[in-house]
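To start, the structure under review is shown below, and the notes come after it.
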Amino acid sequence: MTRHVIIGNGPAGVVAAETLRRADAAAEITLIGDEAEPPYSRMAIPYLLMGQIDEAGTYLRKNAEHFERLRIRMLRGRVEAIDSGARSLRLADGQLLPYDRLLIASGAQPVRPPVPGIDLPKVWSCWTLADARMIAAGIGRGVRVLQMGAGFIGCIIMESLAARGPQLTVVEMGDRMVPRMLDAVAGAMLRRWCEARGVRVLTGRRVVAIAAAGEALRVQLDDGETLEVDALISATGVRPNIAFLYGSGVAVDAGVLVDASMQTSVAGIYAAGDVAEAVEFGTGLRVVNAIQPDAVEQARVAALHMAGQPAVLPGTFVFNILDTLGLISASFGQWQGVAGGESVQLLDEAGFRYLRLAFDGDRLVGANCIGHTEHIGVLRGLIQGQVRLGEWKDRLLANPLQLSEAYLARGLAMAH
Ligand SMILES: Cc1cc2nc3c(=O)[nH]c(=O)nc-3n(C[C@H](O)[C@H](O)[C@H](O)COP(=O)(O)OP(=O)(O)OC[C@H]3O[C@@H](n4cnc5c(N)ncnc54)[C@H](O)[C@@H]3O)c2cc1C
(Lines give C-alpha, C1' and ligand atoms only; values in the text may rest on other atoms or scores of the structure.)
Protein backbone atom coordinates (compact mmCIF):
# COMPACT_ATOMS: atom_id res chain seq x y z
CA MET A 1 0.00 0.00 0.00
CA THR A 2 1.51 3.31 -1.11
CA ARG A 3 1.75 6.05 1.52
CA HIS A 4 1.06 9.47 -0.02
CA VAL A 5 1.70 12.55 2.09
CA ILE A 6 0.66 16.06 1.01
CA ILE A 7 2.04 19.19 2.69
CA GLY A 8 -0.54 21.98 2.52
CA ASN A 9 -4.33 21.72 2.45
CA GLY A 10 -5.21 24.64 0.16
CA PRO A 11 -6.78 24.09 -3.28
CA ALA A 12 -3.69 22.29 -4.63
CA GLY A 13 -3.44 19.90 -1.66
CA VAL A 14 -7.16 19.12 -1.59
CA VAL A 15 -7.45 18.44 -5.32
CA ALA A 16 -4.33 16.27 -5.22
CA ALA A 17 -5.72 14.20 -2.33
CA GLU A 18 -9.04 13.67 -4.12
CA THR A 19 -7.32 12.80 -7.40
CA LEU A 20 -5.10 10.29 -5.61
CA ARG A 21 -8.11 8.63 -4.01
CA ARG A 22 -9.85 8.31 -7.38
CA ALA A 23 -6.69 6.84 -8.93
CA ASP A 24 -5.88 4.42 -6.08
CA ALA A 25 -8.62 3.10 -3.81
CA ALA A 26 -6.16 1.41 -1.45
CA ALA A 27 -3.54 4.12 -0.97
CA GLU A 28 -2.92 5.77 2.39
CA ILE A 29 -3.39 9.53 1.96
CA THR A 30 -2.42 12.14 4.57
CA LEU A 31 -3.15 15.84 4.08
CA ILE A 32 -1.24 18.17 6.40
CA GLY A 33 -2.24 21.80 7.01
CA ASP A 34 -1.04 24.31 9.56
CA GLU A 35 -4.00 26.70 9.64
CA ALA A 36 -6.78 26.35 12.23
CA GLU A 37 -9.57 26.21 9.64
CA PRO A 38 -10.99 23.44 7.46
CA PRO A 39 -9.47 23.63 3.95
CA TYR A 40 -10.59 26.93 2.40
CA SER A 41 -10.07 29.10 -0.65
CA ARG A 42 -8.18 32.36 -0.28
CA MET A 43 -9.91 33.46 -3.49
CA ALA A 44 -13.19 33.56 -1.58
CA ILE A 45 -11.90 36.00 1.07
CA PRO A 46 -12.92 39.10 -0.95
CA TYR A 47 -16.51 37.82 -1.09
CA LEU A 48 -16.41 37.33 2.69
CA LEU A 49 -15.18 40.91 3.17
CA MET A 50 -17.90 42.19 0.85
CA GLY A 51 -20.50 40.38 2.96
CA GLN A 52 -21.61 38.11 0.13
CA ILE A 53 -20.71 34.87 1.93
CA ASP A 54 -19.94 33.78 5.50
CA GLU A 55 -16.78 31.96 6.59
CA ALA A 56 -18.25 28.54 5.78
CA GLY A 57 -18.73 29.85 2.24
CA THR A 58 -14.96 29.96 1.82
CA TYR A 59 -14.54 26.26 2.66
CA LEU A 60 -13.35 24.24 -0.32
CA ARG A 61 -15.62 21.32 0.54
CA LYS A 62 -18.89 22.08 2.27
CA ASN A 63 -19.62 18.62 3.68
CA ALA A 64 -17.85 18.16 7.03
CA GLU A 65 -17.43 14.40 6.44
CA HIS A 66 -16.07 14.78 2.90
CA PHE A 67 -12.46 13.89 3.69
CA GLU A 68 -13.35 11.14 6.15
CA ARG A 69 -15.56 9.53 3.55
CA LEU A 70 -12.70 9.55 1.06
CA ARG A 71 -10.43 8.10 3.77
CA ILE A 72 -8.13 11.11 3.54
CA ARG A 73 -6.41 11.58 6.89
CA MET A 74 -6.38 15.25 7.92
CA LEU A 75 -3.41 16.18 10.07
CA ARG A 76 -3.02 19.60 11.69
CA GLY A 77 0.63 20.52 12.03
CA ARG A 78 3.55 22.35 10.57
CA VAL A 79 6.16 20.46 8.56
CA GLU A 80 9.60 21.63 9.59
CA ALA A 81 11.97 19.39 7.65
CA ILE A 82 12.11 16.62 5.05
CA ASP A 83 14.62 13.78 5.12
CA SER A 84 14.45 12.63 1.51
CA GLY A 85 17.01 9.83 2.13
CA ALA A 86 14.92 8.26 4.89
CA ARG A 87 11.65 9.28 3.13
CA SER A 88 10.18 10.91 6.18
CA LEU A 89 9.21 14.35 7.34
CA ARG A 90 9.31 16.03 10.71
CA LEU A 91 6.48 18.07 12.17
CA ALA A 92 6.89 20.98 14.60
CA ASP A 93 5.73 18.76 17.50
CA GLY A 94 8.60 16.36 16.77
CA GLN A 95 6.44 13.68 15.14
CA LEU A 96 8.11 11.82 12.24
CA LEU A 97 5.94 10.79 9.32
CA PRO A 98 7.14 8.29 6.70
CA TYR A 99 6.05 8.58 3.07
CA ASP A 100 6.49 6.77 -0.23
CA ARG A 101 5.40 9.72 -2.41
CA LEU A 102 5.32 13.31 -1.23
CA LEU A 103 3.58 16.39 -2.62
CA ILE A 104 4.71 19.86 -1.60
CA ALA A 105 1.62 22.09 -1.87
CA SER A 106 2.59 24.59 0.80
CA GLY A 107 1.52 27.66 -1.17
CA ALA A 108 2.95 31.12 -0.61
CA GLN A 109 2.91 33.83 2.01
CA PRO A 110 2.79 37.61 1.78
CA VAL A 111 6.09 39.44 1.53
CA ARG A 112 6.54 41.91 4.37
CA PRO A 113 8.59 44.78 2.93
CA PRO A 114 11.48 45.94 5.13
CA VAL A 115 9.80 49.18 6.21
CA PRO A 116 10.21 50.43 9.79
CA GLY A 117 6.91 49.86 11.62
CA ILE A 118 5.71 47.03 9.37
CA ASP A 119 5.06 44.84 12.44
CA LEU A 120 2.86 47.39 14.23
CA PRO A 121 -0.67 46.33 15.17
CA LYS A 122 -3.13 47.53 12.50
CA VAL A 123 -0.67 46.74 9.70
CA TRP A 124 -2.35 43.74 8.13
CA SER A 125 -1.98 41.41 5.19
CA CYS A 126 -5.08 40.05 3.48
CA TRP A 127 -4.03 36.46 2.91
CA THR A 128 -5.67 34.18 5.48
CA LEU A 129 -9.08 33.83 7.10
CA ALA A 130 -7.43 35.07 10.30
CA ASP A 131 -6.39 38.26 8.44
CA ALA A 132 -9.91 38.64 7.03
CA ARG A 133 -11.40 38.57 10.56
CA MET A 134 -9.16 41.46 11.64
CA ILE A 135 -9.98 43.46 8.52
CA ALA A 136 -13.70 42.85 8.92
CA ALA A 137 -13.54 44.02 12.54
CA GLY A 138 -11.32 47.03 11.86
CA ILE A 139 -12.32 48.46 8.49
CA GLY A 140 -15.74 49.97 7.90
CA ARG A 141 -17.36 53.15 6.63
CA GLY A 142 -15.17 56.25 6.91
CA VAL A 143 -12.12 54.43 8.33
CA ARG A 144 -8.88 55.82 6.85
CA VAL A 145 -6.99 53.01 5.11
CA LEU A 146 -3.75 52.95 3.17
CA GLN A 147 -3.07 49.94 0.97
CA MET A 148 0.50 49.25 -0.05
CA GLY A 149 0.69 47.52 -3.44
CA ALA A 150 -1.64 47.50 -6.46
CA GLY A 151 -0.66 44.26 -8.17
CA PHE A 152 -3.09 41.52 -9.26
CA ILE A 153 -3.98 40.32 -5.76
CA GLY A 154 -3.69 43.92 -4.45
CA CYS A 155 -6.42 45.07 -6.86
CA ILE A 156 -8.67 42.19 -5.82
CA ILE A 157 -8.14 43.14 -2.17
CA MET A 158 -8.74 46.82 -2.97
CA GLU A 159 -12.12 45.99 -4.47
CA SER A 160 -13.23 44.16 -1.34
CA LEU A 161 -11.92 46.92 0.94
CA ALA A 162 -13.63 49.63 -1.13
CA ALA A 163 -16.95 47.83 -0.68
CA ARG A 164 -16.62 48.43 3.08
CA GLY A 165 -16.73 52.21 2.53
CA PRO A 166 -13.37 53.40 3.91
CA GLN A 167 -11.37 56.45 2.80
CA LEU A 168 -8.92 54.48 0.72
CA THR A 169 -5.47 55.45 -0.55
CA VAL A 170 -3.42 53.00 -2.62
CA VAL A 171 0.34 53.40 -2.90
CA GLU A 172 2.10 51.44 -5.66
CA MET A 173 5.85 51.67 -6.16
CA GLY A 174 5.63 50.70 -9.85
CA ASP A 175 4.95 53.45 -12.38
CA ARG A 176 1.38 52.16 -12.89
CA MET A 177 -1.23 49.87 -11.42
CA VAL A 178 -0.75 46.10 -11.96
CA PRO A 179 2.64 46.66 -13.65
CA ARG A 180 3.32 42.94 -14.05
CA MET A 181 0.09 42.40 -15.94
CA LEU A 182 -0.84 45.62 -17.75
CA ASP A 183 1.06 48.02 -20.01
CA ALA A 184 1.29 51.78 -19.38
CA VAL A 185 -1.89 52.65 -21.29
CA ALA A 186 -3.99 50.03 -19.51
CA GLY A 187 -2.44 50.75 -16.10
CA ALA A 188 -3.24 54.46 -16.46
CA MET A 189 -6.81 53.72 -17.55
CA LEU A 190 -7.34 51.50 -14.51
CA ARG A 191 -6.02 54.24 -12.26
CA ARG A 192 -8.39 56.80 -13.79
CA TRP A 193 -11.28 54.37 -13.24
CA CYS A 194 -10.40 53.84 -9.56
CA GLU A 195 -9.91 57.55 -8.90
CA ALA A 196 -13.32 58.29 -10.41
CA ARG A 197 -14.72 55.89 -7.80
CA GLY A 198 -13.17 57.71 -4.87
CA VAL A 199 -9.93 55.77 -4.37
CA ARG A 200 -6.79 57.91 -4.16
CA VAL A 201 -4.10 56.15 -6.21
CA LEU A 202 -0.42 57.08 -5.92
CA THR A 203 1.92 55.32 -8.35
CA GLY A 204 5.71 55.52 -8.44
CA ARG A 205 5.67 56.11 -4.69
CA ARG A 206 6.83 54.05 -1.72
CA VAL A 207 5.98 53.81 1.94
CA VAL A 208 9.26 54.40 3.77
CA ALA A 209 8.15 54.39 7.42
CA ILE A 210 5.15 53.60 9.59
CA ALA A 211 4.82 54.87 13.15
CA ALA A 212 2.15 54.64 15.83
CA ALA A 213 0.30 57.92 16.42
CA GLY A 214 -2.03 57.21 19.31
CA GLU A 215 -4.68 54.85 17.98
CA ALA A 216 -3.71 55.76 14.39
CA LEU A 217 -0.70 55.13 12.14
CA ARG A 218 1.48 57.84 10.67
CA VAL A 219 2.72 56.71 7.26
CA GLN A 220 5.57 58.44 5.51
CA LEU A 221 6.04 58.25 1.75
CA ASP A 222 9.31 58.60 -0.15
CA ASP A 223 8.41 62.07 -1.46
CA GLY A 224 8.00 63.39 2.09
CA GLU A 225 4.19 63.24 2.22
CA THR A 226 2.84 61.99 5.54
CA LEU A 227 -0.60 60.43 5.89
CA GLU A 228 -2.46 59.57 9.05
CA VAL A 229 -4.55 56.41 8.68
CA ASP A 230 -6.42 54.01 10.94
CA ALA A 231 -5.13 50.84 9.25
CA LEU A 232 -2.58 49.79 6.65
CA ILE A 233 -3.00 46.81 4.34
CA SER A 234 0.22 45.37 2.99
CA ALA A 235 -0.29 43.74 -0.42
CA THR A 236 3.20 43.85 -1.87
CA GLY A 237 3.40 40.38 -3.35
CA VAL A 238 3.89 36.83 -2.13
CA ARG A 239 6.72 34.35 -1.96
CA PRO A 240 6.59 30.55 -2.04
CA ASN A 241 6.77 28.68 1.29
CA ILE A 242 10.03 26.79 0.78
CA ALA A 243 12.05 27.48 3.95
CA PHE A 244 11.38 23.99 5.36
CA LEU A 245 12.97 22.41 2.27
CA TYR A 246 16.51 23.53 2.98
CA GLY A 247 18.71 20.49 3.41
CA SER A 248 16.17 18.17 1.75
CA GLY A 249 17.94 18.05 -1.61
CA VAL A 250 14.82 19.41 -3.37
CA ALA A 251 16.08 22.05 -5.82
CA VAL A 252 14.53 25.49 -5.42
CA ASP A 253 14.86 28.86 -7.06
CA ALA A 254 12.07 31.37 -6.33
CA GLY A 255 9.82 28.32 -5.89
CA VAL A 256 10.25 24.54 -6.06
CA LEU A 257 11.58 23.60 -9.49
CA VAL A 258 9.39 21.03 -11.24
CA ASP A 259 9.34 19.23 -14.57
CA ALA A 260 6.30 18.71 -16.81
CA SER A 261 5.01 15.94 -14.54
CA MET A 262 5.39 18.25 -11.51
CA GLN A 263 8.22 16.11 -10.13
CA THR A 264 10.99 17.92 -8.27
CA SER A 265 14.72 17.21 -8.49
CA VAL A 266 14.18 14.35 -5.99
CA ALA A 267 12.41 11.27 -7.37
CA GLY A 268 9.10 10.64 -5.61
CA ILE A 269 8.74 14.24 -4.40
CA TYR A 270 6.36 16.50 -6.35
CA ALA A 271 5.23 20.12 -6.03
CA ALA A 272 2.13 22.00 -7.18
CA GLY A 273 0.39 25.33 -6.72
CA ASP A 274 1.73 28.68 -5.53
CA VAL A 275 4.91 26.98 -4.26
CA ALA A 276 5.88 25.48 -7.62
CA GLU A 277 8.03 27.08 -10.28
CA ALA A 278 6.98 25.52 -13.58
CA VAL A 279 7.94 26.07 -17.19
CA GLU A 280 5.96 28.79 -18.90
CA PHE A 281 4.12 27.93 -22.04
CA GLY A 282 5.46 29.87 -25.03
CA THR A 283 8.70 31.25 -23.57
CA GLY A 284 10.06 28.11 -21.88
CA LEU A 285 11.09 30.31 -18.94
CA ARG A 286 10.37 29.24 -15.37
CA VAL A 287 7.59 31.06 -13.53
CA VAL A 288 5.65 30.89 -10.32
CA ASN A 289 2.14 31.54 -11.62
CA ALA A 290 0.35 32.01 -8.32
CA ILE A 291 -3.28 31.67 -9.31
CA GLN A 292 -5.81 29.06 -8.29
CA PRO A 293 -6.71 27.45 -11.65
CA ASP A 294 -3.02 26.71 -12.19
CA ALA A 295 -2.63 25.37 -8.66
CA VAL A 296 -5.48 22.94 -9.21
CA GLU A 297 -4.33 21.76 -12.63
CA GLN A 298 -0.78 21.26 -11.43
CA ALA A 299 -2.08 19.32 -8.44
CA ARG A 300 -4.13 17.02 -10.65
CA VAL A 301 -1.13 16.24 -12.86
CA ALA A 302 1.15 15.69 -9.86
CA ALA A 303 -1.34 13.35 -8.18
CA LEU A 304 -1.86 11.23 -11.29
CA HIS A 305 1.88 10.84 -11.55
CA MET A 306 2.17 9.94 -7.89
CA ALA A 307 -0.41 7.22 -8.53
CA GLY A 308 1.65 5.88 -11.44
CA GLN A 309 -0.48 7.27 -14.26
CA PRO A 310 1.13 9.25 -17.07
CA ALA A 311 0.14 12.93 -17.14
CA VAL A 312 1.99 16.04 -18.19
CA LEU A 313 1.35 19.74 -18.13
CA PRO A 314 2.18 21.32 -21.49
CA GLY A 315 3.41 24.45 -19.68
CA THR A 316 1.91 27.08 -17.48
CA PHE A 317 -0.06 29.57 -19.56
CA VAL A 318 0.16 32.98 -17.92
CA PHE A 319 -3.29 34.44 -18.24
CA ASN A 320 -4.99 36.81 -15.78
CA ILE A 321 -8.42 38.39 -15.67
CA LEU A 322 -9.04 41.08 -13.11
CA ASP A 323 -12.23 42.82 -12.04
CA THR A 324 -11.29 46.14 -10.39
CA LEU A 325 -14.32 48.03 -9.09
CA GLY A 326 -16.25 46.71 -12.07
CA LEU A 327 -13.63 47.29 -14.79
CA ILE A 328 -12.47 44.04 -16.38
CA SER A 329 -8.86 43.88 -17.53
CA ALA A 330 -6.96 40.89 -18.86
CA SER A 331 -3.47 39.90 -19.88
CA PHE A 332 -2.35 36.91 -21.92
CA GLY A 333 1.04 35.33 -22.57
CA GLN A 334 3.77 37.69 -23.73
CA TRP A 335 1.65 40.84 -23.51
CA GLN A 336 4.77 43.06 -23.47
CA GLY A 337 5.50 41.92 -27.03
CA VAL A 338 8.63 40.18 -28.34
CA ALA A 339 11.75 41.56 -29.99
CA GLY A 340 11.10 42.06 -33.70
CA GLY A 341 7.40 41.31 -33.32
CA GLU A 342 4.62 43.65 -34.43
CA SER A 343 1.79 45.00 -32.35
CA VAL A 344 -1.43 46.93 -32.76
CA GLN A 345 -3.63 48.80 -30.33
CA LEU A 346 -7.17 50.12 -30.22
CA LEU A 347 -7.92 52.75 -27.61
CA ASP A 348 -11.20 54.29 -26.46
CA GLU A 349 -10.22 56.42 -23.44
CA ALA A 350 -13.69 57.77 -22.78
CA GLY A 351 -15.34 54.35 -23.00
CA PHE A 352 -12.65 52.62 -20.90
CA ARG A 353 -11.92 50.13 -23.67
CA TYR A 354 -8.46 49.09 -24.79
CA LEU A 355 -7.06 46.23 -26.83
CA ARG A 356 -3.43 45.62 -27.67
CA LEU A 357 -2.26 42.59 -29.62
CA ALA A 358 1.37 41.41 -29.82
CA PHE A 359 2.55 39.17 -32.65
CA ASP A 360 5.62 37.05 -33.27
CA GLY A 361 5.74 36.36 -37.01
CA ASP A 362 2.19 35.38 -37.93
CA ARG A 363 1.30 34.14 -34.44
CA LEU A 364 -0.45 36.11 -31.74
CA VAL A 365 1.74 35.66 -28.62
CA GLY A 366 0.22 38.09 -26.14
CA ALA A 367 -2.48 40.65 -25.46
CA ASN A 368 -3.71 43.22 -22.98
CA CYS A 369 -7.29 44.33 -22.83
CA ILE A 370 -9.69 46.43 -20.82
CA GLY A 371 -13.37 45.90 -21.51
CA HIS A 372 -13.58 43.76 -24.68
CA THR A 373 -14.70 40.84 -22.53
CA GLU A 374 -16.36 39.33 -25.60
CA HIS A 375 -12.89 38.59 -27.02
CA ILE A 376 -11.34 36.90 -23.96
CA GLY A 377 -12.06 33.31 -25.01
CA VAL A 378 -10.87 33.83 -28.56
CA LEU A 379 -7.70 35.62 -27.44
CA ARG A 380 -6.85 32.71 -25.21
CA GLY A 381 -7.59 30.20 -27.97
CA LEU A 382 -5.41 31.97 -30.53
CA ILE A 383 -2.47 32.52 -28.16
CA GLN A 384 -2.47 29.23 -26.29
CA GLY A 385 -3.19 27.34 -29.53
CA GLN A 386 -0.18 29.05 -31.18
CA VAL A 387 -2.40 29.50 -34.21
CA ARG A 388 -0.66 30.45 -37.47
CA LEU A 389 -2.69 33.38 -38.69
CA GLY A 390 -1.37 33.60 -42.26
CA GLU A 391 -3.11 36.48 -44.06
CA TRP A 392 -5.31 37.04 -41.02
CA LYS A 393 -2.39 38.67 -39.23
CA ASP A 394 -2.49 41.68 -41.59
CA ARG A 395 -6.25 41.82 -41.27
CA LEU A 396 -5.89 41.97 -37.49
CA LEU A 397 -3.22 44.66 -37.75
CA ALA A 398 -5.73 46.66 -39.81
CA ASN A 399 -8.67 45.87 -37.54
CA PRO A 400 -7.99 44.11 -34.22
CA LEU A 401 -11.70 43.62 -33.67
CA GLN A 402 -11.76 40.83 -36.27
CA LEU A 403 -10.49 38.39 -33.65
CA SER A 404 -13.50 36.10 -33.77
CA GLU A 405 -13.38 35.93 -37.56
CA ALA A 406 -9.65 35.13 -37.42
CA TYR A 407 -10.30 32.37 -34.90
CA LEU A 408 -13.10 30.88 -36.98
CA ALA A 409 -10.94 30.96 -40.11
CA ARG A 410 -7.63 29.81 -38.63
CA GLY A 411 -8.00 28.57 -35.05
CA LEU A 412 -10.75 26.08 -35.70
CA ALA A 413 -8.99 24.89 -38.86
CA MET A 414 -5.93 24.08 -36.75
CA ALA A 415 -8.00 22.28 -34.16
CA HIS A 416 -9.17 19.75 -36.75
C1 LIG B 1 -7.40 37.84 -1.25
C2 LIG B 1 -6.99 36.87 -2.33
C3 LIG B 1 -7.68 36.82 -3.52
C4 LIG B 1 -7.31 35.95 -4.52
N5 LIG B 1 -8.01 35.95 -5.68
C6 LIG B 1 -7.67 35.10 -6.67
C7 LIG B 1 -8.40 35.08 -7.88
O8 LIG B 1 -9.35 35.85 -8.08
N9 LIG B 1 -8.04 34.20 -8.83
C10 LIG B 1 -7.00 33.32 -8.63
O11 LIG B 1 -6.74 32.51 -9.52
N12 LIG B 1 -6.28 33.32 -7.50
C13 LIG B 1 -6.59 34.19 -6.52
N14 LIG B 1 -5.87 34.20 -5.36
C15 LIG B 1 -4.69 33.31 -5.25
C16 LIG B 1 -5.09 31.90 -4.83
O17 LIG B 1 -5.74 31.98 -3.60
C18 LIG B 1 -3.86 31.00 -4.76
O19 LIG B 1 -3.32 30.87 -6.05
C20 LIG B 1 -4.22 29.60 -4.21
O21 LIG B 1 -4.61 29.70 -2.87
C22 LIG B 1 -3.04 28.64 -4.32
O23 LIG B 1 -3.36 27.43 -3.74
P24 LIG B 1 -2.26 26.51 -3.02
O25 LIG B 1 -2.99 25.29 -2.60
O26 LIG B 1 -1.08 26.39 -3.89
O27 LIG B 1 -1.77 27.35 -1.75
P28 LIG B 1 -2.54 27.88 -0.45
O29 LIG B 1 -3.97 28.16 -0.75
O30 LIG B 1 -1.72 28.99 0.08
O31 LIG B 1 -2.50 26.65 0.56
C32 LIG B 1 -1.30 26.19 1.14
C33 LIG B 1 -1.53 25.75 2.57
O34 LIG B 1 -0.35 25.10 3.06
C35 LIG B 1 -0.09 25.54 4.38
N36 LIG B 1 1.34 25.35 4.69
C37 LIG B 1 2.38 26.10 4.26
N38 LIG B 1 3.55 25.64 4.75
C39 LIG B 1 3.23 24.55 5.51
C40 LIG B 1 4.00 23.65 6.30
N41 LIG B 1 5.33 23.75 6.39
N42 LIG B 1 3.35 22.67 6.97
C43 LIG B 1 2.00 22.55 6.87
N44 LIG B 1 1.22 23.38 6.14
C45 LIG B 1 1.83 24.37 5.47
C46 LIG B 1 -0.50 27.00 4.31
O47 LIG B 1 -0.69 27.57 5.61
C48 LIG B 1 -1.80 26.90 3.52
O49 LIG B 1 -2.88 26.62 4.36
C50 LIG B 1 -6.23 35.06 -4.32
C51 LIG B 1 -5.53 35.10 -3.10
C52 LIG B 1 -5.90 35.98 -2.12
C53 LIG B 1 -5.15 36.04 -0.81
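Numbers here are sequence positions counted from 1. Atoms within a ligand are numbered from 1 in the order they appear, just like the ligands themselves.
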- Item | Heavy atom of the protein closest to atom 35 (C) of ligand 1 (residue, atom name, distance) | Asp34 OD1, 3.3 Å
- Could you list which atoms of ligand 1 come closer than 4.0 Å to a heavy atom of Gly273? 26 (O)
- Over 12 non-hydrogen atoms of neighbours within 6.0 angstrom of OH in Tyr47: no
- Task: Heavy-atom contacts with Gly77 under 4.0 Å: which atoms of ligand 1 show up? List them by number with element.
- Result: 42 (N), 43 (C)
- Residue, atom and distance of the protein heavy atom nearest atom 34 (O) of ligand 1 read Gly8 CA, 3.2 Å
- Task: Kindly confirm or rule out a cation-pi arrangement of Arg78 over Phe244, judged by NZ or CZ under 6.0 Å from the six-membered ring centre and within 45° of its axis?
- Result: no
- Message: If you count heavy atoms of other groups shown closer than 6.0 angstrom to CZ of Arg205, is the number above 12?
- Response: yes
- Item | Ile153, Asn289, Asn241, Leu129: member with heavy atom nearest to atom 14 (N) of ligand 1 | Ile153
- Message: Tell me whether Glu37 at atom CD has more than 12 heavy atoms from other residues, nucleotides or ligands lying less than 6.0 Å away.
- Response: yes
- Which of the listed options, Cys126, Pro11, Ala272, holds the heavy atom that is closest to atom 29 (O) of ligand 1? Pro11
- Electrostatic pair Glu18-Arg61, nearest N-O below 4.0 angstrom: yes
- Are any of the side-chain nitrogens in Arg73 or Glu28 under 4.0 Å away from the carboxylate oxygens of its partner? no
- Message: If the cut-off is 4.0 Å to any non-hydrogen atom of Ile156, which atoms of ligand 1 fall inside it?
- Response: 3 (C), 5 (N), 6 (C), 7 (C), 8 (O)
- Task: For Ser106, counting its heavy atoms only, list the atoms of ligand 1 lying under 4.0 Å from any of them.
- Result: 32 (C), 34 (O), 36 (N), 37 (C), 38 (N)
- Query: In terms of atom number and element, which parts of ligand 1 are under 4.0 angstrom from non-hydrogen atoms of Pro293?
  - Reply: 11 (O)
- Closest protein heavy atom to atom 19 (O) of ligand 1, given as residue, atom name and distance to 0.1 Å: Asp274 OD1, 2.9 Å
- Taking atom 31 (O) of ligand 1 as the reference point, the nearest protein heavy atom with its distance: Gly10 CA, 3.4 Å
- Query: Which protein non-hydrogen atom lies closest to atom 7 (C) of ligand 1, naming both residue and atom, and how far is it?
  - Reply: Met43 CG, 3.3 Å
- Task: Check the surroundings of atom CD in Gln95: do more than 12 heavy atoms from other residues, nucleotides or ligands lie under 6.0 Å from it?
- Result: yes
- Per-atom filter on ligand 1: closer than 4.0 angstrom to a heavy atom of Asn9 are 33 (C), 34 (O), 49 (O)
- Note on the structure: The closest protein heavy-atom partner of atom 25 (O) of ligand 1 is Ala12 N, 2.9 Å
- May I ask which of Glu35, Arg76, Gln292, Glu80 has a heavy atom nearer to atom 16 (C) of ligand 1 than the others do? Gln292
- Note on the structure: Of all protein heavy atoms, the one nearest atom 53 (C) of ligand 1 is Trp127 CE3, 3.0 Å
- Task: Can you label the angle between the His305 ring and the Tyr270 ring as parallel, tilted or perpendicular, going by 30° and 60°?
- Result: tilted
- Return yes when atom CZ of Arg133 has more than 12 non-hydrogen atoms of other residues, nucleotides or ligands closer than 6.0 Å, and no otherwise. yes
- Should we count CZ of Arg3 as having more than 12 external heavy atoms under 6.0 Å? yes
- More than 12 heavy atoms of other residues, nucleotides or ligands under 6.0 Å from CE of Met134: is that the case? yes
- Message: Consider salt bridge (charged side-chain N to carboxylate O under 4.0 Å, His left out). Of Arg197, Arg191, Arg192, which one does Glu195 pass it with?
- Response: Arg191
- Atoms in ligand 1 flagged as close to Ile291, the criterion being non-hydrogen separation under 4.0 Å: 10 (C), 11 (O), 12 (N), 19 (O)
- Note on the structure: Short version for Val79: what comes under 4.0 Å of ligand 1, heavy atoms counted, is both
- Message: Could you tell me, atom by atom, which parts of ligand 1 come under 4.0 Å of a heavy atom of Ala105?
- Response: 32 (C), 34 (O)
- When distances are taken from atom 2 (C) of ligand 1, the protein heavy atom at minimum range is Arg42 O, 3.6 Å
